[in-house]
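As structure tokens, the structure follows; a few thoughts come after it.
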Amino acid sequence: MRVLILLLLAACALAGLQTWRIGGLTDKADQAQRIIGTLSAGIESRDNAIHRLNEDAVTRERQEQSLRTQLTQAGQRARDREYTIQRLINENQEMRDWYSARLPDGIGRMHARPAFASAADYLRWLSGGDELSDTGKLTRH
């Protein structure tokens with residue numbers, strides 16, 4: 001009978017130990033579930049960010065293509081204008097003469113003035129006495 005009581009006590013102790021271990025495992029499972037939830041939210045946030053970035057990339061690509069098309073069209077219009085100008089110049093002797101005529105000296109000096117990197121450079125240039133000529137005094141050649 002003693003052996004039976006000892007076995008029952010051992011079984012109860014073993015059951016208590018298992019219950020305690022199950023409680024610890026439950027806590028660990030709850031903690032793991034919270035970690036999984038946090039990681040899932042992080043993954044969802046990352047996926048949303050990737051989706052937004054992909055959409056932005058597609059939008060930028062479309063805008064870039066539109067700008068390239070506009071640039072091509074602008075280049076074509078500029079070439080067309082240049083061809084028209086050349087055609088008009090070549091059609092009319094008076095226009096050819098005007099086009100090939102030398103610019104007046106004052107206009108030539110305006111085109112030859114130095115390039116300025118800043119407003120201070122321009123002010124130094126002006127204070128040096130290199131003023132532009134008075135356009136009212138230019139004579140036509």
Side-chain angles (χ1 to χ4, degrees), residues 2-141:
R2 273 188 191 179
V3 174
L4 189 57
I5 291 176
L6 281 176
L7 283 176
L8 281 174
L9 284 175
C12 285
L14 200 56
L17 180 63
Q18 290 301 325
T19 302
W20 176 74
R21 286 187 59 195
I22 289 172
L25 290 176
T26 302
D27 290 344
K28 286 183 180 181
D30 290 342
Q31 183 181 7
Q33 199 64 22
R34 283 191 300 275
I35 291 171
I36 289 170
T38 302
L39 292 175
S40 294
I43 290 171
E44 184 178 346
S45 174
R46 184 207 61 196
D47 288 347
N48 289 338
I50 289 171
H51 182 67
R52 274 193 318 274
L53 289 173
N54 285 336
E55 286 177 347
D56 290 348
V58 168
T59 301
R60 276 193 305 277
E61 190 174 317
R62 287 182 187 140
Q63 290 171 340
E64 183 179 330
Q65 183 60 37
S66 173
L67 288 174
R68 284 183 181 160
T69 301
Q70 291 173 6
L71 179 61
T72 300
Q73 291 169 347
Q76 183 60 45
R77 285 192 301 272
R79 282 189 297 279
D80 292 347
R81 274 194 303 273
E82 183 62 31
Y83 293 146
T84 301
I85 289 169
Q86 289 301 316
R87 182 178 48 79
L88 291 171
I89 287 172
N90 290 332
E91 284 178 357
N92 186 330
Q93 180 63 38
E94 186 179 334
M95 184 68 80
R96 275 196 306 273
D97 292 343
W98 175 84
Y99 184 75
S100 62
R102 189 172 164 271
L103 289 174
D105 291 336
I107 302 296
R109 282 194 304 275
M110 279 184 11
H111 285 283
R113 71 176 179 224
F116 305 112
S118 68
D121 291 344
Y122 176 70
L123 290 174
R124 274 194 298 280
W125 178 75
L126 278 180
S127 66
D130 297 330
E131 295 180 13
L132 298 175
S133 61
D134 182 5
T135 57
K137 296 181 181 179
L138 293 176
T139 57
R140 181 110 172 120
H141 292 264

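Annotation: Glu94, atom CD; neighbour count of heavy atoms from other residues, nucleotides and ligands within 6.0 Å does not exceed 12. The local environment of CZ in Arg62 is sparse, with at most 12 non-hydrogen atoms from other residues, nucleotides or ligands closer than 6.0 Å. Within a 6.0 Å sphere centred on CD of Glu61, heavy atoms belonging to other residues, nucleotides or ligands number 12 at most.
Rounding to the nearest 0.5 angstrom, the gap separating the CZ atom in Arg87 from the CE atom in Met95 is 11.0 Å. With rounding to the nearest 0.5 angstrom, the CG atom of Asp80 is 11.0 Å from the CD1 atom of Ile85. Going from atom CZ of Arg68 over to atom CD of Gln63 covers 13.0 Å, rounded to the nearest 0.5 Å. Here OH of Tyr83 is found 6.5 Å from CZ of Arg79. Values are rounded to the nearest 0.5 Å. To the nearest 0.5 angstrom, Glu82 atom CD is 7.5 Å from Ile89 atom CD1.
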Residues Gln31, Asp27; criterion side chain to side chain contact (heavy atoms under 4.5 Å, CB included); working and verdict: CA-CA 6 Å; Gln31 183 181 7; Asp27 290 344; over 6 Å; no
Check against side chain to side chain contact (heavy atoms under 4.5 Å, CB included), Leu67 and Gln70: CA-CA 5 Å; Leu67 288 174; Gln70 291 173 6; 3.7 Å; yes
Trace of the salt bridge (Lys or Arg N to Asp or Glu O under 4.0 Å) decision for Glu64 with Arg60: CA-CA 6 Å; Glu64 183 179 330; Arg60 276 193 305 277; over 6 Å; no
Per-pair distances, 0.1 Å, donor-acceptor, side chain in residues 39-56, under 3.5 Å, sequence neighbours excluded:
from  : atom 1 : to    : atom 2 : distance (Å)
Ser40 : OG     : Ile36 : O      : 2.9
Asn48 : ND2    : Glu44 : O      : 3.4
His51 : NE2    : Glu55 : OE2    : 2.7
Asn54 : ND2    : Ile50 : O      : 3.4

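Residues Leu88 and Glu91 meet the side-chain proximity criterion, which asks for heavy atoms closer than 4.5 Å.
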